[in-house]
Amino acid sequence: MELRLLQPGDFDLLMNLCDGIFDNPARADQTRAFLDSPLHHMVMAFDAGLPVAFASGTVILHPDKAPSLFINEVGTHHDHRRRGHGRAVTQALIDHARGWGARVWLATEPDNTAALALYRAMGGQEMAIAGFGWDGAFGVD
């Protein structure tokens, strides 16, 4: 497995991902904005040269706090699950953020047993938080 922190030059890679890694096909405008922003980070795992998993995060800044990295998505192609790819990209993204002094956090659905098991096994500290969405975010109507 090869892990790589994506850079602005990885536009074509993201635009041409096979089905099953992202939830939806990549949008050119969002892909360019994501890759060009210093506040967005993505680590991708490759198996035999093919992209099979990713973890992406967004830096959150506030005037009275150190930066934090919110890991907003971790995905593994269905043919490559349970092989350590999700853990590897998540850990690489955490290590990347810690390298510049950021704290790291994420959220997942309470019924996502695979994600809960992964984050617990990685030593994540569970927090009691409630999530809210507007305008169709996260499938909330």
Side-chain angles (χ1 to χ4, degrees), residues 1-63 65-141:
M1 171 184 1
E2 173 198 351
L3 298 176
R4 190 167 97 213
L5 180 67
L6 298 190
Q7 304 295 321
D10 290 312
F11 178 82
D12 289 339
L13 169 71
L14 292 182
M15 290 303 300
N16 294 303
L17 284 178
C18 65
D19 289 340
I21 295 178
F22 287 167
D23 296 330
N24 303 295
R27 292 177 30 183
D29 59 337
Q30 291 294 94
T31 299
R32 177 58 55 213
F34 183 97
L35 290 172
D36 286 348
S37 172
L39 299 178
H40 298 288
H41 302 266
M42 183 180 295
V43 172
M44 189 158 282
F46 297 83
D47 187 0
L50 298 173
V52 296
F54 76 93
S56 63
T58 301
V59 178
I60 299 173
L61 303 174
H62 198 273
K65 295 173 181 63
S68 64
L69 181 80
F70 172 69
I71 297 178
N72 57 1
E73 193 163 357
V74 176
T76 302
H77 189 277
H78 57 85
D79 290 339
H80 293 271
R81 292 189 179 144
R82 309 223 25 100
R83 297 184 193 175
H85 295 93
R87 182 182 185 123
V89 293
T90 303
Q91 189 62 59
L93 191 57
I94 291 169
D95 293 344
H96 169 67
R98 285 178 174 164
W100 40 269
R103 292 183 169 189
V104 182
W105 65 287
L106 58 77
T108 191
E109 297 81 6
D111 62 348
N112 188 339
T113 56
L116 292 170
L118 172 63
Y119 306 139
R120 287 173 180 147
M122 294 180 69
Q125 301 165 344
E126 291 187 54
M127 306 176 294
I129 61 172
F132 298 85
W134 286 261
D135 304 319
F138 309 109
V140 176
D141 292 324

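Just so we're clear, the structure is a prediction, and the values are computed from it rather than from any experiment. Position 1 is the first residue of the sequence, and the numbers go up from there.
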Validation row: Met1, Asp47 side chains within 4.5 angstrom (heavy atoms): no

His77 side chain to Asp19 main-chain N or O, any donor-acceptor pair under 3.5 Å? yes

CG (Asn16) and CG (Asp10) are apart, to the nearest 0.5 Å, by 12.0 Å

With sequence neighbours left out, the residues meeting salt bridge (charged side-chain N to carboxylate O under 4.0 Å, His left out) with Asp36 are Arg32

Quiz item: Got a donor-acceptor contact below 3.5 angstrom from the His85 side chain to the His80 backbone?
Solution: yes

The reported gap from CG in Asn112 to CG in Leu118 (rounded to nearest 0.5 angstrom) is 9.5 Å

Scanning both residues in full, the closest heavy-atom pair of Arg27 with Asp29 reads NH2-OD2, 2.9 Å

Nearest heavy-atom contact between Pro110 and Leu116 is O-CD1, 3.3 Å

_Within the structure provided, determine whether His96 and Leu69 are in side-chain contact (heavy-atom separation under 4.5 Å)._
no

- Query: CZ of Arg81: more than 12 outside heavy atoms within 6.0 angstrom?
  - Reply: yes

Next item on the list: For residues Arg87 and Thr90, determine if any side-chain heavy atom of one lies less than 4.5 Å from a side-chain heavy atom of the other.
Entry: no

One should read off an interatomic distance between Arg98 CZ and Leu93 CG, to the nearest 0.5 angstrom, of 11.0 Å

Value for NE2 (His41) from CG (Asn72), rounded to nearest 0.5 Å, stands at 11.0 Å

Salt bridge (Lys or Arg N to Asp or Glu O under 4.0 Å) pairs touching residues 119-132, sequence neighbours excluded, are Arg120-Glu126

* Asked: Under 4.5 Å between any side-chain heavy atoms of Leu3 and Val89, yes or no?
  -> yes

Taken to the nearest 0.5 Å, the spacing of Met42 CE from Leu13 CG works out to 9.0 Å

Can you confirm whether Ile94 sits close enough to Ile71 that some side-chain heavy atom of one is under 4.5 Å from a side-chain heavy atom of the other? yes

- [ ] Taking the side chain as every heavy atom from C-beta outward, state whether Leu14 and Met44 have any pair of such atoms under 4.5 Å apart.
- [x] yes

Heavy-atom closest pair (Thr108 atom, Ala115 atom, distance to 0.1 Å) is OG1-CB, 3.7 Å

Distance col, row Glu73:CD vs Thr58:OG1, nearest 0.5 angstrom, shows 10.5 Å

What one should report as the nearest heavy-atom pair of Val104 and Ala97 is CG2-CB, 3.7 Å

